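Structure first, commentary second.
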Amino acid sequence: MNGNPADGRFGAVSRRGLLRGATALGTAALLPLGSGRAAAQPKQGGTLRLAMAHGSSTDSYDPAMLENAFAQLFATARNGYMTEIAADGSLTGDIAESWEASPDARVWTFKLREGVTFHSGKPVTAEDVIASLDYHRGEESTSAAKPIVAPIVEIAADGPGTVVVTLESGNADFPFVISDYHLPILPATDGRIDPLSPDGCGGYVVESYEPGVRASMTRNPNYWKLPDRAHFDAVELLTIIDAAARQNALITGEVDVIDQVDVNTVHLLQRAPGVQILSTTGTQHFTFAMDTRAAPFSDNNVRLALKYAIDRQELLDKVLNGYGALGNDQPVGPSDRFFADLPQRAYDPDKAKFHLKEAGLDTLQVPLSAADAAFPGAVDAAVLYSEQAAAAGITIDVIREPNDGYWSNVWMVKPFVAVYWSGRPTADWMFSTAYAAGVAWNDTFWDNERFNQLLNEARSELDEVKRAEMYREMQLLVRDDGGVVIPMFASYVMGLSDAIGHPEQVSANWTLDGFRAVERWWFA
Amino acid sequence: MVATLRFTLWLAVAVVAAAVLGWLFRAVLTRIAPANAARLLRSAPLSASFGMAVIVFYLLVAILAPTIAPFGEREVVGAQFMPAGGEFLLGTDNLGRDMFSRLVFGVRNTVSIAFITTALAFAVGAVLGLLAAMVSGWLDQLLSRVVDVLMAIPALIFQLLLLTIVGTSIINMILVIALIDSTRVFRLARAVAMNIVVMDYIEAAKLRGEGLWRLIIREIMPNAAAPLVAEFGLRFCFVFLSISALSFLGLGIQPPTADLGSMVRDNATLITFGEVTPLLPAGAIALLTVAVNFVVDWMLHRASGLKE
Amino acid sequence: MSDIWWMILRRLALGVLTLFVVTLLIFGAIQLLPGDPAQAILGQAATPETLAALRTELGLDLPAWRRYLDWIGGVLQGDFGVSLANKRPISELIAGRLANTLFLALYAAVIAVPLSLVLGVLAALWRGSWFDRAINVLTLSSISFPEFFVAYILIFWLAQSGLFPSISNIPPGAPLAEKLYRTFLPALTLTLVVTAHMMRMTRAAIINLLASPYIEMARLKGMGPTRVIVHHALPNALAPIINVVALNLAYLITGVVVVEVVFVYPGLGQLMVDSVAKRDIPVVQAAALIFAAAYILLNLAADVLSTLSNPRLVNKR
């Protein structure tokens, strides 16, 4: 029943397949094999009631601001995107039927699928695609996706069905990048989209939306993926912030699916009649980020001491109740095609002491800021870490910060903080988001010359073997010199009513089947 | 049916045990106390004796916490959620810390914080409230309007705002909760005193030329004490709840310090599966609340002058 | 009687002043909070460029006093503005939530107030009896549990057995009976939370009067204990009781965030907490205004009633 992370490798994607994508839907991911509930044939009908742990009354339709999982899943349900990451981690086309790159991977040509229409009936054209991407670009953009589209130099139409994107430098992973949930294709009028409009070209049409409370949708009868997708007649998304309330809603049959099951009580929920637990381990990881510019973290020996002073297994067992995988102080997970299987770093107070001595210190006292806003259980994780580090002569003073304003007042402000990363589908994307020198979310302020050079070279490197070697070295650099302690990769743990069927392979890049449970699952 | 019977049985046992405890406590205390105190104590009903016994018990636990607790407050001693019995009297919590030790330290931390906060709130609120009623005029207007403004902002939101601004140390938390609670006390004290101020004996005392403070302390305070004391018993337990609600918003006491309110919060989801673990810290709060209010009831009864 | 009218008028004027000060306080407090709306809205996704752009777009580059004046100018003309976070008109955003909040508060009050008065009178009547003790232990235990915990216990007992729904998910346009059914558990939770306070104050205030000479007199005349309490003690004990009832009614309107969260009931409290998190000042201000107005009106009502209940106070002014 569980989506095994090892199955989600990108290894199956060849260089050729990446540079030239041509896809049809209805791949293996959609025709599940095996037995049990997951294997039943998809069936149309029913109203899915899905409750999520997120959603705020301040949410809106604006794709630039999709700030929490509710808004993100809601956007994915009503919208179409250029490309889609399939359940096995490979890339398939969505509105883009096929794509091709110039040899230096700098100019990308996307052929749009014919016959795709918005809910309003208007066909999707190159103009819509350009306006939708342009919305996130430019001086005035406040979009969270701005860094993703920043390398785009020019977007142009080549007839109504072709879009040509020119990048400032080669990026072999660009088609992956534009699958991002911030970049839905919306209808354009006079070259601009209306970001607050509910219209889209996805599988479900919005009936009503009350931010922070609920959204109701019905199936889009003209959805181009029918009948392979969008099995539910209607979908009701609910925000249930409280973990116990969410569990109770599932147990009492008020809802059919919940996300973010409290891992502390998941064994009890599993015993409840009519409930199945689904967990997927992908790219989501939890970190403790040090400011490598600030003493004492500017000394790599101190960083190494702190990396040896944490018992990753105990954190995985107690904070995640085993729902996850061990981290190795670098953010590329086993599901990535460039994952380098480096030796696992283990808890070793003696080595930590040794590195402290190398740094010229006998003892070390550092504050560690955490809040449950960083990730569920962050405060507990920090407390455990502090107990473990004590054995190495390191005093970690756990500071519980307010949840409110954590990302603006603590993250990247305080020197040592707990952070969650949902991860990125490719190593390049992850590294260029948070590890390249000077990028906006480099939360360790790490600046390693060799790493930066490798990252740039690897992005447009054509030789797959050479590229893998480069990513291996980068992972090694982050692990042994970087400013981040990564104790664990965390699973997405969901609770489903027994009546729900889903493909055997469930996407692990985001919660709820890569935000696509709404269109990929069904009532068995 | 069986469950109901067993529940009733346990309830009966608990009531009898409480009564016996109260009786024993009273018996012991009347022996060792000085004569006039003993006479007073002998008049205490069983419920009040029980309340006093529980309060003394909590005080002992609070003072002797490091001696009673088998493990340290923050010490991780085993796997998570180990069952009760054996080495760990009440099992372990979600991080593998000894539940019993955490409870003991939780009582120590929470009770002292709650007591200081309530006392502070009452000192400020009651004095200002009585003063406002007595002096009336511009002082009353000023204080009443300030309190109106402070009370017009929902408490939880206000605490959230203030604590985010000043930071969440224990001192700040005590001050913020005391400030907000004192407005409630002020209102009650003023309302009660307003009724007393118009009484004839106050007029008489004024005519006798008694000073302001003497009036407040000798004439008004004793007559306003009953509702204030009743309020104290409740406010005391509201402080536990405030701390717990703040931890709901991620602003409670700093870990790894144990406190009962946060312990309820941390384990609360278990109750939806019928597990009793979260009932332990919640029960510890409830027991103390009931005990304090039993004693308060007795004092109330004495203050009313009823002889029955 | 005209004294009372005069007092109401004066208090209403003061109430408006209070509202004004509340908006100033809240506005100032949010200015003092670390982080501004742009940072809060963009959250983890903020970059220096997007922050600067959003600040300009939201007008945050203007000085604080200008923004406050703009806001209050709008309010005086009946325009509450739009939410900074999602651009929705605030009056529309708040109307539905306010109706929900008032509905739940009224529902809980209709159960809780009569219940606590009756229990309080009975406890005073049978003071020291087993009934008195039991009702005290019961109500005290129920308030010494945090609200969310009471809610969880009720859900465990009453929702998991299928008697009541565990979340108050009300479809738009549901009939009143269904609304009452679906919001029963939150109303019951709130009842348990507020009953102890009101009931104990009723009991205390009555007992406090029982030794007064006029009660002694009534008793000596051979009046039954019930009649003494209901006809003689209760009317004179009303002032503190009314005050506590008003406080608790205000609490039912302004303080139920936690219950809203647990039962997924879309009320004003949740909206306000969300908006504080996003530093969405106009929404926080509008919600704060409503809460403050509710509190001021209830308070005024309490003062008027308790003044009326004590002829000495009426005549003093």
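Worth saying up front: this structure is predicted, and the values here are computed from it rather than measured. Numbered from 1 within each chain, the chains take letters A, B, ... in sequence-line order.
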Need one label for [X]: side chain, backbone, both or neither, based on atoms under 4.5 Å from any heavy atom in chain B.
X      : value
A:D317 : backbone
A:D372 : neither
A:E314 : side chain

Give the minimum heavy-atom separation between A:K318 and B:L95, together with the two atoms involved.
->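 Smallest interatomic distance, heavy atoms only, reads NZ-O, 3.1 Å.
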Closest contact, heavy atoms only, B:E75 versus A:E387 =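 Residues B:E75 and A:E387, closest heavy atoms: CA-OE1, 3.9 Å.
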Name the option with the most non-hydrogen atom pairs under 4.5 Å to chain B; the candidates are A:L269, A:V383, A:D380, A:V379.
-> A:D380
If you draw a 6.0 Å radius around CD1 in B:I171, do more than 12 non-hydrogen atoms from other residues or ligands fall strictly inside?
-> no
So does B:F273 have more than 12 non-hydrogen atoms from other groups sitting under 6.0 Å from CZ?
-> yes
Could you name the residues of residues 392-399 of chain A that have a heavy atom within less than 4.5 Å of a heavy atom in chain B?
-> A:V398, A:I399
Roughly how far, to the nearest 0.5 Å, is the CD1 atom of B:I271 from the OG1 atom of A:T265?
->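 Answer for the OG1-CD1 pair, A:T265 versus B:I271, is 12.5 Å.
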